[in-house]
> 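I'd like to ask you about the structure that follows.
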Protein chains: 2
Amino acid sequence: MKTEDELRDLQMLQYRIRSYGPGKMVYGAHDPHAFVYNIISGWVAISHDLLDGQRQISQFLTKGAIFGLRPEGLVSNGKSAMALDEVTVCAMPAANLSVLLNSHPQLNRRLVWMMGRESLITENRLAFVGQTSALTRIANLLMELTVMATRKLAHMADSKIRLPLTQSQIADATGLTAIHVNRMLRKLREDRVLDFHDGILTLMNPDALKTLAQLGDEIADAWVID
Amino acid sequence: MKTEDELRDLQMLQYRIRSYGPGKMVYGAHDPHAFVYNIISGWVAISHDLLDGQRQISQFLTKGAIFGLRPEGLVSNGKSAMALDEVTVCAMPAANLSVLLNSHPQLNRRLVWMMGRESLITENRLAFVGQTSALTRIANLLMELTVMATRKLAHMADSKIRLPLTQSQIADATGLTAIHVNRMLRKLREDRVLDFHDGILTLMNPDALKTLAQLGDEIADAWVID
DNA sequence: CGTGTGTTTGACATACCTCAAAGTCTGTGG
DNA sequence: CCACAGACTTTGAGGTATGTCAAACACACG
């Protein structure tokens with residue numbers, strides 16, 4: 001199912017279009033979140049806050065992604081969604097969605113697919129954060145974001161891609177400190193693999209990056225929303 | 001929906017009951033997995049293998065959990081499911097399941113709930129692996145498994161719980177080495193917090209453990225399958 | 001012109017890993 | 001019954017990847 005069809009279905013709901021500037025929260029860690037969101041444009045980061053104030057970014061989302069959904073009866077406290085750049089979303093009351101799901105098997109299947117995709121991506125991130133070096137984690141994350149942004153895996157040398165991230169956000173996603181992320185980005189630049197600067201990623205050597213990122217072919221499929 | 005009702009529904013499928021001994025693979029990293037499984041008894045570990053042979057355990061599952069499900073069209077290579085003790089599962093062809101889902105909204109909702117629950121748990125693990133110390137990661141994992149096994153959060157001092165895990169498996173789940181897990185377990189024993197020995201966890205000081213594990217109340221709800 | 005956020009760099013500290021070796025227990029075959 | 005191998009655990013010594021602390025720089029914003 002294409003995004004356009006999906007959006008048409010969503011018009012049967014009391015949806016609202018909302019926009020958020022960079023750094024604005026779509027929902028906060030302790031908000032009762034009664035809405036489900038579909039990204040129309042821009043980047044959103046979903047993060048999970050721990051009791052001592054540490055933050056783990058679990059996902060980066062872009063156009064077509066759905067977020068804010070929760071299992072009924074479970075409170076997922078400590079989760080928040082932040083706009084990374086200028087973001088436009090379609091927000092609808094969660095209650096209305098569950099009604100629609102029963103009558104629209106297509107939409108239901110789409111939703112199940114999205115949730116499964118999300119799981120794959122999160123488990124992939126977990127595996128890298130748990131098992132690999134700082135350099136590999138960063139390389140893998142940048143590959144993920146690149147594929148999400150461009151919706152393709154292969155890139156020519158010196159391609160430039162806009163990724164509206166700070167080094168600090170890369171740190172929160174990879175389980176590193178911003179300072180160490182900075183050191184690793186410097187090393188990647190010195191090794192002529194990539195240059196990440198002011199939200200612009202330059203792929204100096206895409207093949208080297210793919211190797212460093214320990215990229216399996218399969219996961220890249222999940223990064224692309226068709 | 002209770003497990004009994006669900007099992008009754010599953011009888012409409014060509015399900016098969018299968019058993020696996022400790023260490024046996026329910027499915028391997030490169031198997032085409034055509035089945036979906038529902039655990040009747042025992043523990044199963046789901047893990048994600050990286051290219052260089054590293055392994056990350058992303059979930060531990062017990063009675064009532066569903067696994068083996070994948071988003072249509074996405075190959076999730078490198079994932080495997082291993083029996084930790086004597087495991088009995090109900091296996092059904094994935095194709096049959098999707099037919100049933102359309103006709104049984106109850107089952108469909110249950111499945112969506114399970115997937116959401118799974119996501120919460122994996123994101124929680126990611127946050128701990130990415131952001132916390134070895135001691136906290138281990139404490140948090142042991143709390144998770146304890147709650148899954150007993151289906152309740154509170155425990156009296158010196159309660160004993162059977163958790164059929166090796167230190168090496170704890171290491172694979174927490175992103176540590178088995179050697180370091182051993183050292184941390186020794187420290188927990190010396191600090192009279194817990195003792196983990198031959199698959200038996202003794203909660204010497206449950207409150208101290210809960211604090212160490214940085215346990216939020218909400219996530220515990222997701223650990224219990226009702 | 002000051003304040004804040006993000007980046008960059010250096011010196012130093014440490015949590016965790018690696019390597020090495022011995023100990024325990026179980027199962028197996030002679 | 002003994003010898004052996006294999007999985008898991010335990011401990012020590014030493015190394016290193018990453019974190020911490022400190023300071024300066026750049027840039028945007030009011």
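Every chain is numbered from 1 and lettered A, B, ... according to where its sequence line falls, protein lines coming before strand lines.
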> Just jot down the salt bridge (charged side-chain N to carboxylate O under 4.0 Å, His left out) partners of B:Asp198, sequence neighbours excluded, or say none.
none
> Please, what dot-bracket string fits DNA chain C when only Watson-Crick and G-U pairs with both distances under 3.5 Å count, crossing ones use [ ] and pairs to another strand use |?
||||||||||||||||||||||||||||||
> I'd like to know if A:Asp217 and A:Lys210 make a salt bridge, using a cut-off of under 4.0 Å between side-chain N and carboxylate O.
yes
> I'd like to know if the side chain of B:Ser41 pairs up with that of B:Lys63 as donor and acceptor (distance under 3.5 Å, no hydrogens or angles considered).
no
> Do any N or O atoms of the protein come closer than 3.5 Å to N or O atoms of nucleotides 7-14 of chain D, and which pairs are they?
unit_1 : atom_1 : unit_2   : atom_2 : d
D:dT9  : OP1    : B:Gln167 : N      : 3.3
D:dT9  : OP2    : B:Gln167 : N      : 3.0
D:dT10 : OP2    : B:Gln167 : NE2    : 2.6
D:dT10 : OP2    : B:Asn182 : ND2    : 2.6
D:dT10 : O5'    : B:Asn182 : ND2    : 3.3
D:dT11 : OP2    : B:Arg186 : NE     : 2.8

> Mind checking if B:Gly23 touches a base, just sugar-phosphate, or nothing, with heavy atoms under 4.0 Å?
nothing
> At under 4.0 Å, does any side-chain N or O of A:Thr177 touch on OP1 or OP2 of D:dG19?
yes
> For A:Pro164 and A:Leu84, work out which heavy atoms get closest and say how close.
O-CB, 3.6 Å
> With the side chain counted from C-beta on, respond yes when B:Arg117 and B:Ile225 share a heavy-atom pair under 4.5 Å apart, and no when they do not.
yes
> Using atom types as modelled and distance alone, determine if a side-chain donor or acceptor of B:Gln56 lies under 3.5 Å from a backbone N or O of B:Asp172.
yes
> Under the side chain to side chain contact (heavy atoms under 4.5 Å, CB included) criterion, do A:Met184 and A:Leu135 qualify, and how do the steps go?
CA-CA 6 Å; A:Met184 295 298 103; A:Leu135 214 52; 3.6 Å; yes
> A:Leu176 has an atom CG; how far is it from atom P of D:dA17, in whole Å?
14 Å
> Does A:Tyr20 have any ring-ring contact (aromatic ring centres under 6.0 Å, His included) partners at least two apart in sequence or in another chain, and if so, which?
none
> Sequence neighbours left out, what passes salt bridge (charged side-chain N to carboxylate O under 4.0 Å, His left out) with B:Lys187? Give chain and number order.
B:Asp191
> Are A:His155 and A:Thr150 close enough, and set up right, to give a side-chain hydrogen bond (donor to acceptor under 3.5 Å, both in side chains), and what steps lead you there?
CA-CA 9 Å; A:His155 292 273; A:Thr150 62; 3.1 Å; yes
> Taking heavy atoms of chain B and a 4.0 Å limit, find me the 5'-most and 3'-most nucleotide of DNA chain C within that range.
C:dC16 to C:dA20
